[in-house]
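Proteins get letters first, then strands, A, B, ... in listed order; numbering begins at 1 in each.
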2 protein chains.
Amino acid sequence: MSLPHAILTALLEKPSSGLELARRFDKSIGYFWSATHQQIYRELGKLEQDGLIRALPAGAPARGQKKEYEVLPAGRDALTAWVSGSDAPRPVRDPLLLRLRAAAVVGTGGLEEELRRHLDLHRSQLAEYRAIEERDFPPERDGEEDRLRHAVLRGGIGLETFWTEWLAETLTALGERNEEKERKRRQ
Amino acid sequence: MSLPHAILTALLEKPSSGLELARRFDKSIGYFWSATHQQIYRELGKLEQDGLIRALPAGAPARGQKKEYEVLPAGRDALTAWVSGSDAPRPVRDPLLLRLRAAAVVGTGGLEEELRRHLDLHRSQLAEYRAIEERDFPPERDGEEDRLRHAVLRGGIGLETFWTEWLAETLTALGERNEEKERKRRQ
DNA sequence: GTCACCATGTAAATAGTTACATGATTTG
DNA sequence: CAAATCATGTAACTATTTACATGGTGAC
């Protein structure tokens, strides 16, 4: 139920074609709700059928032709209604935590390397978010209307901060564990 | 690809029936990889077919009868191999962030209430994790073999801490926004 | 013996991923 | 015009969720 509303939000900010949406998802909304271009095309078709969006009139609507969509009033209403809906909080569902837990039972294989790889990735994601924050939300110029967008970005920053700290901590703990093993092996 | 390995891990810790697994998922592994009993039954069937687990011999294997499974050597090997595998880090994919982002475009409906509800839920989840930590990982008694399990739990604690802080912060920001609106309205 | 609950399962729908097909436009 | 890239789309598969079906066991 989330993808169509993600698309409506993106289209309200700026009418776009399917591929443009896919690219913008990579840059902003996709940070917390990713989608492939196939998902997006399928969903655009459904939204058009349901009368929530429409294709902007263009020359010939053919296969290789760009097709731009805009949100209709019904679409805006649907999004407004959805905003006050409710979900259960999502549990994390991260395979890395699962691998760690499995490692507690069958032993850590090349897991440390994977943790370091993730640490690097999360660090650069964090740097990217901070750059966006500096660019789009400079201190003392945070207008009322942007506070929600800023809150979402702070969510991303908080999450990446958590991951980098946790990964660094966990790598340290693993390192100590290996040192203990080494000591035992040498005795 | 994660669910079968979650099940193998749980079964290695203790041979169980499908429903027992479903219940144990609710309490430990399910905190970061949830699954319904239907998913678990189906996956148990596949794992048995693939020769990674087997049903413990019991009286009559009938419909309403409990059926316990244990992991075979091939299953342990498969899990060991999987531990050193690799995934891309999961982006968050949380509808709440999406609603917030949508609210930046069509206005915040009853969203504040939803944020408060989530804050409560995350607070009690955090309290639960901390209770588990005190019970299972008392200071100075943290054996080498439990360090990985403790790391996973600290992951949960870190995430819940992030959410409670972010939600509290965001509610404050929303409150200020509303006060501004109030002031404007009164002028 | 019936009601509540334990236990296993089937079926159908929705969501998401991966691989590939096809036409249009731009660039050398 | 050939190659690269833009753009839309189909198909098949895997994963997840939701609703329901069926039998077994123990408490009253």
Spacing between [X] atom [atom1] and [N] atom [atom2], to the nearest angstrom:
{"X": "A:Leu98", "N": "D:dA15", "atom1": "CG", "atom2": "P", "value": "14 Å"}
{"X": "B:Leu56", "N": "C:dA7", "atom1": "CG", "atom2": "P", "value": "15 Å"}
{"X": "A:Arg24", "N": "D:dC6", "atom1": "CZ", "atom2": "C1'", "value": "18 Å"}
{"X": "A:Glu68", "N": "D:dC6", "atom1": "CD", "atom2": "P", "value": "16 Å"}
{"X": "B:Asp87", "N": "D:dA15", "atom1": "CG", "atom2": "C1'", "value": "15 Å"}
{"X": "B:Leu47", "N": "C:dT8", "atom1": "CG", "atom2": "P", "value": "15 Å"}
{"X": "A:Leu21", "N": "D:dG9", "atom1": "CG", "atom2": "P", "value": "12 Å"}
{"X": "B:Lys46", "N": "C:dT10", "atom1": "NZ", "atom2": "P", "value": "13 Å"}

Less than 4.0 angstrom from a charged side-chain N to a carboxylate O is my criterion; do [X] and [Y] meet it?
{"X": "B:Arg154", "Y": "A:Glu165", "value": "no"}
{"X": "B:Arg149", "Y": "B:Asp136", "value": "no"}
{"X": "B:Arg117", "Y": "B:Glu114", "value": "yes"}
{"X": "B:Glu48", "Y": "B:Arg54", "value": "no"}
{"X": "B:Glu20", "Y": "B:Lys66", "value": "yes"}

Nearest-nucleotide 5' precedence on DNA chain C, B:Arg23 against A:Met1: B:Arg23
Residue whose nearest DNA chain C nucleotide is more 5′ - B:Ser17 or A:Leu3: B:Ser17
Does a nitrogen or oxygen in the side chain of A:Lys66 sit under 4.0 Å from OP1 or OP2 of C:dT25? no
Of the listed D:dT16, D:dA15, D:dT8, the closest approach to the B:Trp33 side chain comes from D:dT16
Regarding the side chain of B:Arg93, the nearest nucleotide among C:dC6, D:dT16, C:dT17 is C:dT17
Mind checking whether A:Val106 and B:Leu8 have side chains closer than 4.5 Å, heavy atoms only? no
Expected list for residues 36-45 of chain A near DNA chain D, using heavy atoms below 4.0 Å, is A:His37, A:Gln38, A:Tyr41
Tested for side chain to side chain contact (heavy atoms under 4.5 Å, CB included) against A:Ser16, the lone hit among A:Leu56, A:Leu44, A:Leu21, A:Ile40 is A:Leu21
